[in-house]
Peer 1: 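Take this structure first; my questions come after.
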Amino acid sequence: MDNYTFAYAVLEVQASLDQRLLKVKQGLRNYEVSVLDIEKFYFGPMPTGQFDELVITTRTSSGKTKVHRFNCNSGENGMVSLVEKLAELKPSADLRKFSREEALSQMSVADSSKIALLALPVVVSFVFFLFLLPMFLHGIDKGSATIKLGDLITLTEFETRNLTVHGSLLTQCLEEKTTKKGRTTTKFFCPLVDESWQSGEPVHVLAQIDDIPDEEFNALFERTEFKGVLRNILWEGPSSSTKDFFVKEYGATMAPQVLEFEVNGDTSNDLFIFVGIFVFVELLLGGITFFMIRKNFS
């Protein structure tokens with residue numbers, strides 16, 4: 001049995017081949033291909049040029065065709081030697097004289113590189129849509145409601161997240177400063193509680209207060225009514241580090257689920273921003289995909 005070693009990306013791949021069996025160990029996975037069952041095989045560079053691919057089709061005892069794919073970095077001598085030996089054992093199965101497209105067509109095998117290239121923008125679009133989904137849902141939310149904080153924390157379904165909340169702000173706040181291009185902005189997180197709240201009771205809502213003048217910020221602690229947006233879609237909400245701050249610095253008790261309420265939050269432009277960003281990304285992905293397809297498959 002002849003042994004071969006070659007690299008695929010950062011992995012070392014080990015293979016062995018004799019007249020009966022091809023064995024390949026790639027990472028934690030082991031593969032075995034019966035040489036006698038091999039119908040056709042093709043070896044050549046993938047369209048991107050970074051990797052080579054060995055594609056083998058075998059016929060199972062039930063008559064079904066099975067496809068085996070093994071990859072290596074471009075020009076790996078170990079893989080080249082393996083393929084040469086395979087050609088000696090199964091010369092009638094060797095399709096290397098054909099182009100990649102012709103060989104795969106004869107094998108009735110889909111081109112995985114083309115599938116991956118077409119699937120990538122779909123996957124990226126889906127992930128990007130999920131990332132922007134809170135913005136989309138806030139953007140289409142045109143409702144409004146007034147609610148007491150005590151009632152808010154018991155809700156499980158929300159007809160709207162544009163709320164006017166009756167409650168009071170505690171003065172124990174977290175101040176976050178961000179400096180970008182020489183400009184410093186300040187964001188505050190302050191517990192928002194109802195009129196019956198007592199010291200030591202759990203905090204269920206943190207109010208997010210974006211950069212406002214000091215006099216406006218101080219005036220908030222005299223108010224008992226706050227208009228804004230409840231941020232609790234998917235991953236929205238205060239971070240664990242924000243909640244830990246109140247526990248460590250103020251000895252506060254935080255509820256298992258803490259809501260985030262953006263005081264004076266405005267979502268009127270969220271839908272337009274979502275559409276603009278998403279269309280831009282889709283056009284960019286479409287252009288890149290079209291360019292790659294023409295470059296690699298034309």
Peer 1: Show, in sequence, the C-alpha distance, side-chain angles and deciding distance for Gln208 and Asp210, and conclude whether the side-chain hydrogen bond (donor to acceptor under 3.5 Å, both in side chains) test is met.
Peer 2: CA-CA 6 Å; Gln208 174 190 323; Asp210 288 337; 2.9 Å; yes
Peer 1: Sub-3.5 Å donor-acceptor pair from the side chain of Asn162 to the main-chain atoms of Asp141, do we have one?
Peer 2: yes
Peer 1: Taking Ser81 for the side chain and Asn77 for the main chain, is one N or O donor matched with an acceptor at less than 3.5 Å?
Peer 2: yes
Peer 1: State whether Arg96 and Asp94 are salt-bridged, where the test is any N-O pair (Lys NZ or Arg NE/NH1/NH2 against Asp/Glu carboxylate O) under 4.0 Å.
Peer 2: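 Judged by the 4.0 Å cut-off on N to carboxylate O distance, Arg96 and Asp94 do form a salt bridge.
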Peer 1: Starting from Leu283, can I reach Leu285 by hopping between I/L/V/M/F/W/Y residues whose side chains sit under 4.5 Å apart?
Peer 2: yes
Peer 1: So do Thr57 and Val109 actually touch side chain to side chain, heavy atoms under 4.5 Å?
Peer 2: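 In contact.
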Peer 1: Only counting residues at least two apart or in another chain, list the ones meeting ring pair (Phe, Tyr, Trp, His ring centres under 6.0 Å) with Tyr31.
Peer 2: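 In terms of ring pair (Phe, Tyr, Trp, His ring centres under 6.0 Å), with neighbours along the sequence ignored, Tyr31 is linked to Phe70.
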Peer 1: Do Gln50 and Asn73 make a side-chain contact, defined as non-hydrogen atoms from C-beta onward lying under 4.5 Å apart?
Peer 2: no
Peer 1: Are there more than 12 heavy atoms of other residues, nucleotides or ligands under 6.0 Å from atom NZ of Lys142?
Peer 2: yes
Peer 1: List the steps, then state whether side-chain hydrogen bond (donor to acceptor under 3.5 Å, both in side chains) holds for Ser99 with Glu102.
Peer 2: CA-CA 5 Å; Ser99 68; Glu102 290 173 325; 3.2 Å; yes
Peer 1: Following the transitive rule for hydrophobic clusters with a side-chain heavy-atom cut-off under 4.5 Å over Ile, Leu, Val, Met, Phe, Trp and Tyr, establish whether Phe98 and Phe41 coincide in one cluster.
Peer 2: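 No; Phe41 is not reachable from Phe98 via cluster members.
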Peer 1: Compute the centroid of each ring, for Phe136 and then for Phe278, and state whether the two points are separated by less than 6.0 Å.
Peer 2: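 Ring centres of Phe278 and Phe136 not closer than 6.0 Å.
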Peer 1: Test side-chain hydrogen bond (donor to acceptor under 3.5 Å, both in side chains) on Arg59 and Thr65; report intermediate values, then the result.
Peer 2: CA-CA 5 Å; Arg59 180 74 65 176; Thr65 299; 3.3 Å; yes
Peer 1: Considering only NZ, NE, NH1 and NH2 on the basic side and carboxylate oxygens on the acidic side, decide whether Glu175 and Lys177 come within less than 4.0 Å.
Peer 2: yes
Peer 1: So, does Asn218 use its side chain to make a donor-acceptor pair with the main chain of Asp214 at under 3.5 Å?
Peer 2: yes
Peer 1: Test side-chain hydrogen bond (donor to acceptor under 3.5 Å, both in side chains) on Glu39 and Thr58 and set out the steps.
Peer 2: CA-CA 5 Å; Glu39 286 194 320; Thr58 58; over 6 Å; no
Peer 1: Under a 4.0 Å threshold between the charged nitrogen and the carboxylate oxygen, would Glu195 count as salt-bridged to Lys148?
Peer 2: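 Looking at Glu195 together with Lys148, the answer is no, because their closest N to O distance does not fall below 4.0 Å.
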Peer 1: Is there a continuous path of hydrophobic side-chain contacts, each under 4.5 Å between heavy atoms, that joins Met254 to Leu152?
Peer 2: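 Met254 and Leu152: separate clusters.
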Peer 1: Backbone N or O of Ile233 within a donor-acceptor pair of the Glu236 side chain at under 3.5 Å?
Peer 2: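 Answer holds: yes.
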Peer 1: Check whether any side-chain N or O of Asp211 sits under 3.5 Å from a backbone N or O of Thr186 as a donor-acceptor pair, and report yes or no.
Peer 2: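 Side chain of Asp211 to backbone of Thr186, a donor-acceptor pair under 3.5 Å: yes, one is there.
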Peer 1: Counting distance only, does the side-chain N/O of Thr160 pair as donor-acceptor with the main-chain N or O of Gly143 below 3.5 Å?
Peer 2: yes
Peer 1: Does Glu260 come within less than 4.0 Å of Arg231, counting only side-chain N to carboxylate O?
Peer 2: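 Arg231 and Glu260: not salt-bridged.
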Peer 1: Indicate yes or no for a side-chain donor-acceptor contact from Tyr250 to the backbone of Phe245 under 3.5 Å, with no hydrogens or angles considered.
Peer 2: no
Peer 1: Any link between Val229 and Leu271 through a network of hydrophobic side chains (Ile, Leu, Val, Met, Phe, Trp, Tyr) touching at under 4.5 Å?
Peer 2: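 Different hydrophobic clusters.
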Peer 1: Check whether the ring centres of Phe51 and Tyr8 lie less than 6.0 Å apart, and answer yes or no.
Peer 2: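 Between Tyr8 and Phe51, which both carry aromatic rings, the centre distance is below 6.0 Å.
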Peer 1: I'd like to know if the side chain of Glu201 reaches the main chain of Gln198, judged simply by a donor and an acceptor atom lying under 3.5 Å from each other, with no hydrogens or angles considered.
Peer 2: yes
Peer 1: Report yes or no: does Thr60 contribute a side-chain atom to a donor-acceptor pair with the main-chain N or O of Lys64 at less than 3.5 Å?
Peer 2: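 It does hold such a pair.
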Peer 1: Mind checking whether Phe189 and Leu259 sit in one hydrophobic cluster, side chains of I, L, V, M, F, W, Y counted as touching below 4.5 Å?
Peer 2: no
Peer 1: Any chance the rings of Phe226 and Phe261 have centres within less than 6.0 Å?
Peer 2: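 They do not qualify: ring centres at least 6.0 Å apart.
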Peer 1: Got Gln14 and Val24 here, is their nearest side-chain heavy-atom distance under 4.5 Å?
Peer 2: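 No - every pair of side-chain heavy atoms lies 4.5 Å or more apart.
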Peer 1: With a 4.5 Å heavy-atom cut-off, do Ile56 and Leu54 have their side chains touching?
Peer 2: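 Yes, close enough: below the 4.5 Å cut-off.
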Peer 1: Between Thr178 and Thr185, is there a side-chain donor-acceptor contact under 3.5 Å, judged purely by atom types and distance?
Peer 2: no
Peer 1: Is the shortest side-chain heavy-atom distance between Trp197 and Ser168 below 4.5 Å?
Peer 2: no
Peer 1: Ignoring hydrogens and geometry, is there a side-chain-to-backbone donor-acceptor pair from Asp18 to Leu21 under 3.5 Å?
Peer 2: yes
Peer 1: Can you name the nearest heavy-atom pair linking Asp194 to Gly150, along with the distance?
Peer 2: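 Heavy atoms only, the tightest pair is OD2-CA, 3.8 Å.
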Peer 1: Got a sec, which residues hit ring pair (Phe, Tyr, Trp, His ring centres under 6.0 Å) with Phe158, two or more places apart in sequence or on another chain?
Peer 2: none
Peer 1: Under a 4.5 Å cut-off applied to non-hydrogen side-chain atoms, are Tyr4 and Lys85 in contact?
Peer 2: yes
